Amino acid sequence: MRKISNKRKTEVDKTDTKVAGVKSAGVKTTRGKSARTKANDKIKVSLPEPKKKEERPKISRGGRNLIILGVGSTLIALLTTTIGLAIYHLSGDIYLDRSRPGFLPDKEEVEEEAENEPEEYNFEKSGKLTGEIVDEYLKHLDEEVKAMNAYEKPFDEGALTDERLGIPKEEEKSE
Amino acid sequence: MKKIGLIFYCITFMLICQPIGVVGAISEQQSAAIIDHCNAIKDTLHKTQKDDSKARVYLGGYYETILSKFVIPMNVRLVENSLSSADLVENQNEISTNKTKFNDDFVNYQRELETLVNMDCKAQPEDFYKKLNEVREKRKSVSKDVRELGGGISDQVNLIKKVREELK
């Protein structure tokens with residue numbers, strides 16, 4: 001592209017020199033005007049036709065802005081998603097999420113949960129405290145505690161023993 | 001001459017101690033068992049991971065309900081009625097602290113367990129076993145937190161029963 005433009009520039013320079021030569025000749029000669037016209041005709045013939053700029057596909061200003069908007073919004077979406085996922089992992093919320101693949105609750109579990117759900121109870125923070133109110137409080141608290149204890153052996157230490165995992169016990173090492 | 005003797009003893013000592021160290025970490029039998037049962041071990045670990053996730057969600061929900069809907073409102077009301085005791089306030093703080101500890105310990109335990117599940121037990125049985133022991137320790141901490149929280153909630157019930165007796 002640069003080569004072409006340089007070539008063209010050289011040609012134009014040459015033409016200018018020719019024109020200057022013709023002009024100076026025109027001043028000197030008596031038939032000035034007609035000679036100049038002929039010279040100009042010659043120049044017109046020798047000049048190469050300028051290439052049309054429309055060869056390259058032209059993008060309108062609106063189209064360009066639309067592309068910038070699309071790329072920009074995609075980048076922002078990627079950035080916010082990455083930040084969100086990082087927080088999700090770092091905060092440990094991922095380990096409480098039971099909607100992850102492989103961690104979804106079983107059908108029976110959902111039914112069991114609905115059956116064991118204790119009655120909704122709200123204890124007021126203010127007001128006079130009587131024996132009956134405390135009795136009712138203790139009744140509901142007991143229900144919650146029972147439901148909590150219904151979960152047998154949470155985080156049982158036996159779940160990760162060598163025996164459970166099928167690894168021979170350490171005593172067998174010396175044999 | 002003494003120097004050469006000393007170097008000789010050092011090299012001999014190192015050569016003897018090195019295999020003992022390797023065997024001390026994990027026996028060949030255990031290593032072979034880990035490699036052989038790698039997939040079965042991973043399945044058990046994944047099942048444990050799922051069960052623990054379920055336990056965390058259930059227990060965490062109950063701890064939160066008991067603390068926010070029972071313990072705190074009752075203590076506020078007792079203060080209003082001039083019936084509060086230092087034991088009740090102390091017990092509330094203990095439950096609250098243990099609940100936070102339980103949440104943190106569970107996240108640490110799950111992180112370690114996830115690393116363990118993703119480890120290649122066929123290629124690195126020794127590292128796998130080492131990590132397994134670390135996971136066991138983390139699990140013990142969570143188990144201890146659960147016991148302490150259960151104890152704190154039982155104490156709350158007993159303390160409120162004492163208040164009930166005072167109201168007779």
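These figures come from a predicted structure and were not determined experimentally.
Each of A/A147, A/G131, A/G166 has some count of heavy-atom pairs under 4.5 Å with chain B, and the biggest count is that of A/G131. Taking chain A as the reference chain and counting heavy-atom pairs below 4.5 Å, the highest number among B/S31, B/A55, B/A33 is found for B/A55. Between chain A and the options B/K47, B/H46, B/R111, B/Q49, heavy-atom pairs under 4.5 Å are most frequent for B/R111. When B/R56, B/K54, B/Q110 are compared by the number of non-hydrogen pairs under 4.5 Å with chain A, B/K54 comes out ahead.
A/A159 approaches B/R139 most closely through the heavy-atom pair CB-NH2, 3.4 Å. Of all heavy-atom pairs spanning B/V146 and A/P154, the tightest one is CG1-CG, 3.9 Å.
Interface remark: A/Y151 contributes side-chain atoms only to the contact with chain B (heavy atom separation under 4.5 Å). With a 4.5 Å cut-off on non-hydrogen atoms, B/I160 touches chain A through its backbone and its side chain both. In this structure, the portion of B/N81 lying under 4.5 Å from any heavy atom of chain A is its side chain and not its backbone. If you measure heavy-atom distances from B/I41 to chain A, the contacts under 4.5 Å come from both the backbone and the side chain. Heavy atoms closer than 4.5 Å to chain A are found in both the backbone and the side chain of B/V157. For a residue to count as touching a neighbouring chain, one of its non-hydrogen atoms must lie under 4.5 Å from one of that chain's; by this rule A/K128 touches chain B with backbone and side chain alike. Within the 4.5 angstrom heavy-atom criterion, atoms from both the backbone and the side chain of B/S53 approach chain A. With a threshold of 4.5 angstrom between heavy atoms, A/E120 approaches chain B through side-chain atoms but not through N, CA, C or O. Only the side chain of B/T48 comes within contact range of chain A, judged by heavy atoms closer than 4.5 Å. The part of B/E80 that comes within reach of chain A is its side chain, from C-beta onward, which places non-hydrogen atoms under 4.5 angstrom from that chain. Only the side chain of A/L138 comes within less than 4.5 Å of a heavy atom of chain B; its backbone N, CA, C and O stay farther away.
From A/M148, atom CE reaches atom OG1 of B/T65 across 11.0 Å, with rounding to the nearest 0.5 Å. Rounded to the nearest 0.5 Å, atoms CG (B/N75) and NZ (A/K125) are 11.0 Å apart.
Every side chain to side chain donor-acceptor pair (under 3.5 Å) that B/E112 has, sequence neighbours left out, goes to B/K131. By the ring-ring contact (aromatic ring centres under 6.0 Å, His included) test, A/Y121 pairs with A/H140, B/F70, sequence neighbours left out.
A single hydrophobic cluster is not seen to contain both B/L116 and A/F103; linkage of ILVMFWY side chains at heavy-atom distances under 4.5 Å, directly or through other members, places them apart. Both A/I133 and B/L159 are assigned to one and the same hydrophobic cluster, defined by single-linkage of ILVMFWY side chains at heavy-atom distances under 4.5 Å. In the hydrophobic clustering of this structure, B/V57 does not group with B/Y109; members are Ile, Leu, Val, Met, Phe, Trp, Tyr whose side-chain heavy atoms approach within less than 4.5 Å, directly or through other members. Under the 4.5 Å side-chain contact rule for hydrophobic residues, B/I35 and B/L132 do not share a cluster.
Formation of a donor-acceptor pair under 3.5 Å by the B/R77 side chain with backbone atoms of A/L129 is not found in this model.
Salt-bridge check for A/D106 with B/K50: passed, with a basic side-chain N closer than 4.0 Å to an acidic carboxylate O.
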Legend entry - side chain to side chain contact (heavy atoms under 4.5 Å, CB included) between A/F155 and B/L59, intermediate numbers included: CA-CA 11 Å; A/F155 307 103; B/L59 293 176; 4.2 Å; yes

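B/T44 has its side chain out of reach of A/L160: every pair of non-hydrogen atoms, C-beta onward, lies at least 4.5 Å apart. At least one side-chain heavy atom of B/Q30 sits under 4.5 Å from a side-chain heavy atom of A/D162. When side chains are defined from C-beta on, A/E157 counts as touching B/K140, because their heavy atoms get closer than 4.5 Å. Counting only heavy atoms from C-beta outward, the side chains of B/I66 and A/L141 approach each other to under 4.5 Å. Considering only heavy atoms from C-beta on, A/D135 comes within 4.5 Å of B/R164 through its side chain. For the pair B/I34/A/L165, no side-chain contact is recorded, criterion being any heavy-atom separation below 4.5 Å from C-beta on. The side-chain heavy atoms of A/F123 and B/M74, taken from C-beta on, include a pair separated by under 4.5 Å.
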Side-chain polar contacts of residues 85-96 of chain A - donor-acceptor pairs under 3.5 angstrom, sequence neighbours left out - could you list them?
from	atom 1	to	atom 2	distance (Å)
A/Y88	OH	A/D97	OD2	2.4
A/S91	OG	A/I87	O	2.8
A/S91	OG	A/D93	N	3.4
A/S91	OG	A/D93	OD2	3.3
A/Y95	OH	B/E114	OE1	2.8

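Residues of residues 87-108 of chain B that come within less than 4.5 angstrom of chain A, heavy atom to heavy atom, are B/F102, B/F106, B/V107 in numerical order.
For A/N149 and B/Y62, the side-chain atoms include no donor-acceptor pair closer than 3.5 Å.
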